[in-house]
Amino acid sequence: MTSSSVNVSSHPVLAHKLSVLRSDQTAPADFRRVLREITFYLGYEATSTLNVRSVSVSTPTEKVAPGKKLDDKIALIPIMRAGLGMVDAMLELLPNADVHHIGMYRSKDSLLPIQYYNKLPRDTTCDVAYVLDPMIATAGTITAVVNILKKWGAKKIHIISVLASKAGLEKLQSAHPDVHVTVTEVDSILSKDGMIIPGLGDAGNRLYKTPTIDQDDDEKLLSPSKRKRTLSK
């Protein structure tokens, strides 16, 4: 994927850690840990273009040294729920960043994104918004979030993801060529139901050990009063 706005990491350590995430033998606790580690290094690369200003720093030798201080107002935008697994690592890099949550889920039938939560403040915005989501599959969710952030007033938007599909990345770039993306790897296949192949499965389910529920079993989620009643003989 060649584009000035897309950075696909070539670091061998990240390639190793991505293989751990892909494996179906990786337990949820290890999945969470490795996702944090990957996010930290992706974040390190993604923050290389932040603006700084000059400051003077007093040292233990009683001499003053020239220094630098981050000069951008930064916001982290995790897309719930899988993006929550990336927040702590980014806060290690940027402890003074604001964190604003956006909740989105994808319709099983249409694959269109549906927003269910938005905590962007009305009275302030940011210079740089880092959108956190482990995967860019169809790019429907990411594109919708970028639209929201632009309307909010974010001056620059940078997406940090572990894995992207080729089709999803191309769709995102077509819709928002000014948005930057940092990703570990790009997979070439996107299934009809919007899953990256080979991918790494459902990141949210793997993070939080959420069981997969078949559509036929949806009724089990209802309260007893709303379930279909079967009369006993």
Using a 4.5 Å cut-off on heavy atoms from C-beta on, say whether the side chain of [Y] contacts that of [X].
X: V179; Y: S5; result: no
X: R81; Y: Y208; result: yes
X: L120; Y: I102; result: yes
X: M90; Y: V99; result: no
X: D178; Y: K150; result: yes
X: R206; Y: T26; result: yes
X: P78; Y: M86; result: no
X: I142; Y: V181; result: no

[X]-[Y] co-clustered via ILVMFWY side chain contacts under 4.5 Å:
X: Y41; Y: V131; result: no
X: V186; Y: L200; result: no
X: I197; Y: V183; result: no
X: V146; Y: I79; result: yes
X: V162; Y: I136; result: no

Looking at every heavy atom in both [X] and [Y], which two are closest together, and how far apart are they?
X: A82; Y: G204; value: CB-N, 3.9 Å
X: L42; Y: L14; value: CD2-CD1, 4.0 Å
X: G83; Y: P134; value: N-CD, 3.9 Å
X: G199; Y: D187; value: N-OD2, 3.0 Å
X: D202; Y: N205; value: OD1-N, 2.9 Å
X: A97; Y: L91; value: O-CD2, 4.2 Å

*asked:* Do T184 and K17 pair up side chain to side chain, a donor and an acceptor below 3.5 Å, judged on atom types alone?
replied: no
Within this structure, what is the [atom1]-[atom2] distance for the pair [X] and [Y], rounded to the nearest 0.5 Å?
X: Y44; Y: L93; atom1: OH; atom2: CG; result: 9.5 Å
X: I77; Y: H101; atom1: CD1; atom2: NE2; result: 9.5 Å
X: I189; Y: M195; atom1: CD1; atom2: CE; result: 13.0 Å
X: L172; Y: T141; atom1: CG; atom2: OG1; result: 11.5 Å
X: I159; Y: N7; atom1: CD1; atom2: CG; result: 13.0 Å
X: I74; Y: L50; atom1: CD1; atom2: CG; result: 4.5 Å

For the side chain of [X] and the backbone of [Y], is there at least one donor-acceptor N/O pair under 3.5 Å apart?
X: N51; Y: D72; value: no
X: S161; Y: D133; value: yes
X: D127; Y: K73; value: yes
X: T39; Y: L35; value: yes

*Apply the side-chain contact (heavy atoms from CB on, under 4.5 Å) test between R22 and each candidate in V20, L18, D24; give the one that qualifies.*
L18
*Going by the ring pair (Phe, Tyr, Trp, His ring centres under 6.0 Å) test, which pairs reach into residues 142-177, not counting sequence neighbours?*
H100-W152, Y130-H158, H158-H180
*Could you walk me through whether L190 and I196 pass the side chain to side chain contact (heavy atoms under 4.5 Å, CB included) test, one step at a time?*
CA-CA 5 Å; L190 188 66; I196 301 175; 4.3 Å; yes
*Begin from the C-alpha positions of Y117 and M80 and carry the test side chain to side chain contact (heavy atoms under 4.5 Å, CB included) through to its verdict.*
CA-CA 9 Å; Y117 189 83; M80 298 191 293; 3.2 Å; yes
Side-chain polar contacts of residues 64-71 - donor-acceptor pairs under 3.5 angstrom, sequence neighbours left out - could you list them?
from: K68; atom 1: NZ; to: S54; atom 2: OG; distance (Å): 3.2
from: D71; atom 1: OD1; to: R53; atom 2: NE; distance (Å): 3.3

